[in-house]
Amino acid sequence: MANAWKRENNKQPKLLSPILLILSLSLLLLLFLFFFSARSPSNPPNSTLFVTRFYPIPSFNCLESPQAHPVIANIVENLKYPFLYSLSDFGSLPDKPHKNIVRLLKGKPFRKPDISATIQQLLEEMKGRDGLVLDVGANVGMASFAAAVMGFKVLAFEPVIDNLKRICDGIWFNRVADLVTVFEAAVSDRIGNITFYKLVGRLDNSAVSANGAKLAFKSNEEIAFQVRTIPLDELIPNSEPVLLLKIDVQGWEYHVLKGAVKLLSRKKDAAPYLIYEEDERLLQASNSSAKEIRDFLHGVGYSHCVQHGTDAHCTKG
């Protein structure tokens with residue numbers, strides 16, 4: 001038995017054939033690359049917060065924005081295309097918590113705003129078409145996210161930094177960084193700067209007019225600050241299709257529309273569906289009127305307008 005053991009040990013080990021050796025090394029290399037690519041993604045989550053594109057003014061940089069806090073988010077109720085909403089107004093806790101805080105504590109979704117449902121109903125009929133959705137006066141993004149989660153590209157315009165923080169929250173929550181581009185600007189009829197007013201403790205009533213900002217909450221103190229202004233015609237080239245233009249700017253609607261005359265003068269099939277707030281009190285606070293807006297729209301071909309509450313929906317024919 002000892003000699004047998006020696007004979008077995010003296011046998012030379014068989015070497016792998018060159019082909020098998022190459023295949024084995026290749027397999028090990030693939031496994032190595034897969035393992036490290038899975039552990040170290042080349043595009044970390046926060047690196048996709050921007051759409052690379054050139055505009056006359058820079059888009060708002062969410063990565064460099066101060067973080068909104070506290071962050072409370074929940075799903076918005078009863079939408080065909082649901083999205084998450086970063087709550088911006090907590091009310092006076094604990095005596096009078098915001099209605100959505102009460103719903104959150106009860107395990108219910110946030111109550112959907114009319115604009116979110118309206119946007120999705122309109123865009124449902126436009127699915128498959130290429131074009132932008134313009135959200136002028138985006139506030140915290142309820143119209144922007146309603147469109148983005150359906151796959152539409154959105155340009156959102158908002159001058160108030162507290163609202164911009166919430167929009168950045170929503171971009172991350174809803175994973176729509178490749179669809180939503182945000183501008184820290186007020187849309188108007190000229191390039192420059194303008195004094196803006198916001199109310200202490202409110203995020204939903206900032207306005208170009210101090211009187212307009214205080215119409216709904218007269219007891220709140222207003223703060224004046226300077227914001228950049230940009231006309232839509234300076235930002236949107238004639239070659240860029242636009243499906244829908246939503247404007248809610250607390251009485252500054254006429255100036256927004258005047259700065260978009262080229263866009264609104266497009267032929268019927270290329271002109272955007274228009275939604276704008278038509279509140280006579282707010283318009284008068286900014287020295288304009290509903291009649292002035294309607295006359296202007298009629299001049300660029302928007303001959304059919306229907307009122308939905310304080311919003312007007314206008315199309316060409």
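All heavy atoms count here, side chains included; hydrogens, waters and symmetry mates do not. Quick caveat, the model's predicted, so the values are computed rather than measured.
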Which atom of [X] lies closest to which atom of [Y], heavy atoms considered:
X      : Y      : result
Ala186 : Pro159 : N-CB, 4.3 Å
Arg175 : Asp178 : O-OD1, 4.2 Å
Leu263 : Leu134 : CD2-CD1, 3.9 Å

For residues 268-277, run the donor-acceptor check on the side chains, cut-off 3.5 Å, and write out each pair with its distance to 0.1 Å, sequence neighbours left out.
unit_1	atom_1	unit_2	atom_2	d
Tyr273	OH	His313	ND1	2.9
Tyr276	OH	Glu278	OE2	2.5
Tyr276	OH	Arg294	NE	3.1

Counting N and O atoms only, with roles assigned by atom type, does the side chain of [X] sit under 3.5 Å from a partner on the main chain of [Y], one being a donor and the other an acceptor?
X      : Y      : value
Gln284 : Leu282 : no
Ser303 : His298 : no
Asn174 : Val176 : no
Asp279 : Arg281 : yes
Gln120 : Ser116 : no
Glu158 : Gly137 : no

Query - Arg228 and Glu184 ion-paired at < 4.0 Å - result: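 No, this pair does not count.
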Taking the side chain as every heavy atom from C-beta outward, state whether [X] and [Y] have any atom pair closer than 4.5 Å.
X      : Y      : result
Val136 : Lys246 : no
His255 : Arg190 : no
Leu232 : Leu245 : yes
Met142 : Val76  : yes

Query - Partner residues of Leu243 under the side chain to side chain contact (heavy atoms under 4.5 Å, CB included) criterion, sequence neighbours left out - result: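 Only Met126, Arg129, Phe152 meet the side chain to side chain contact (heavy atoms under 4.5 Å, CB included) criterion with Leu243.
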Requested in this report: Would you please indicate yes or no on a ring centroid separation below 6.0 angstrom for Phe173 and Phe83?
Outcome: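 Ring centroids of Phe83 and Phe173 are no less than 6.0 Å from each other.
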